Amino acid sequence: MRPSLLCCLLLYLCSSLLAGLVVSSCPKGCCCPHPGALVLCESLGLHTLPRSVPLSTAVLSVARNRLCNVDNLFQPYSGLQELSLSHNQLVRFPRGLPSSLETLQLQENQITYITAGSLRQLGNLTRLDLEDNRIRAIQPGALQ
């Protein structure tokens with residue numbers, strides 16, 4: 001085999017392997033049935049989002065953990081469509097969520113109020129679950 005052809009073949013194989021690693025990386029302890037698209041990090045006792053969640057993730061569940069504050073953690077996930085933060089310890093509506101969100105599950109947290117600006121940037125949101133929180137007040141216009 002000619003050296004130039006061998007070199008091209010090796011470059012192709014290496015780039016394919018590296019691309020596979022980048023796309024299919026799954027955070028430790030999480031389950032990724034569709035790598036790069038669906039990431040499930042449930043019931044892991046997490047206090048924060050794992051650092052290695054792929055930015056290409058479309059559906060993310062970090063349900064049943066110990067998350068207290070997730071403000072601005074999800075901004076880099078510009079293609080995130082579904083996010084489950086249910087069964088955590090959130091005391092307020094998360095700030096800095098990506099505008100791409102269509103579904104947001106916040107049930108069974110400790111959220112007490114929804115401000116008028118909470119949902120302002122979430123124009124694509126079609127499903128919001130706030131069941132079993134401690135909501136005492138929703139500011140006028142918050143759910144428009």
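On a predicted model such as this, the values are computed, not experimentally measured, just so you know. Hydrogens, waters and symmetry mates are skipped; everything else that's a heavy atom, side chains included, is used.
The shortest distance between side-chain heavy atoms of V62 and L85 falls below 4.5 Å. Contact annotation: the side chain of C32 never approaches that of S25 to less than 4.5 Å [non-hydrogen atoms, C-beta and beyond]. Between S86 and E108 the shortest side-chain heavy-atom distance does not fall below 4.5 Å. The shortest distance between side-chain heavy atoms of L119 and L128 falls below 4.5 Å. Between F93 and L104, the closest side-chain pair of non-hydrogen atoms falls below 4.5 Å. The shortest distance between side-chain heavy atoms of Y77 and L60 does not fall below 4.5 Å. Taking the side chain as every heavy atom from C-beta outward, N124 and L101 never approach each other to under 4.5 Å. Counting heavy atoms from C-beta outward, T57 and L80 have side chains that approach closer than 4.5 Å.
Using modelled atom types, one side-chain atom of N109 and one backbone atom of Q89 make a donor-acceptor pair closer than 3.5 Å. Under a 3.5 Å cut-off, the side chain of N65 and the backbone N or O of N88 do not form any donor-acceptor pair.
L73 and L106 fall within a single hydrophobic cluster, where Ile, Leu, Val, Met, Phe, Trp and Tyr side chains are chained together by heavy-atom contacts under 4.5 Å. Side-chain heavy atoms closer than 4.5 Å link hydrophobic residues (I, L, V, M, F, W, Y) into clusters, and following such links, possibly through other members, connects L67 to L130. One hydrophobic cluster holds both L97 and I138 under the rule that ILVMFWY side chains link at heavy-atom gaps under 4.5 Å. A single hydrophobic cluster is seen to contain both I111 and V70, as judged by linkage of ILVMFWY side chains at heavy-atom distances under 4.5 Å, directly or through other members. Residues L143 and L83 share a hydrophobic cluster, clusters being chains of Ile/Leu/Val/Met/Phe/Trp/Tyr side chains in contact below 4.5 Å.
Under the rule for a salt bridge (charged side-chain N to carboxylate O under 4.0 Å, His left out), R66 has no partner lying at least two apart in sequence or in another chain. Not counting sequence neighbours, the partners of T115 by the side-chain contact (heavy atoms from CB on, under 4.5 Å) test are Y113, S118, Q139.
When all heavy atoms are compared, the tightest approach of P27 to P50 is CB-CB, 3.8 Å. For the pair L55 and P76, the tightest heavy-atom approach, listed with the atom from each and the gap, is CD2-CB, 3.7 Å. Scanning both residues, V39 and P54, for their nearest heavy atoms gives CG2-CD, 4.1 Å. Counting all heavy atoms, side chain and backbone alike, N69 lies closest to L90 at N-CD2, 4.1 Å.
Note on residues 92-105: pairs passing side chain to side chain donor-acceptor pair (under 3.5 Å), not counting sequence neighbours, are D71-R92, S84-Q105.
The local environment of NE2 in H34 is sparse, with at most 12 non-hydrogen atoms from other residues, nucleotides or ligands closer than 6.0 Å.
Between D132 atom CG and H87 atom NE2 the span is 7.5 Å, to the nearest 0.5 Å.
Cys pair C31 and C41 fails the test of SG atoms under 2.5 Å apart.
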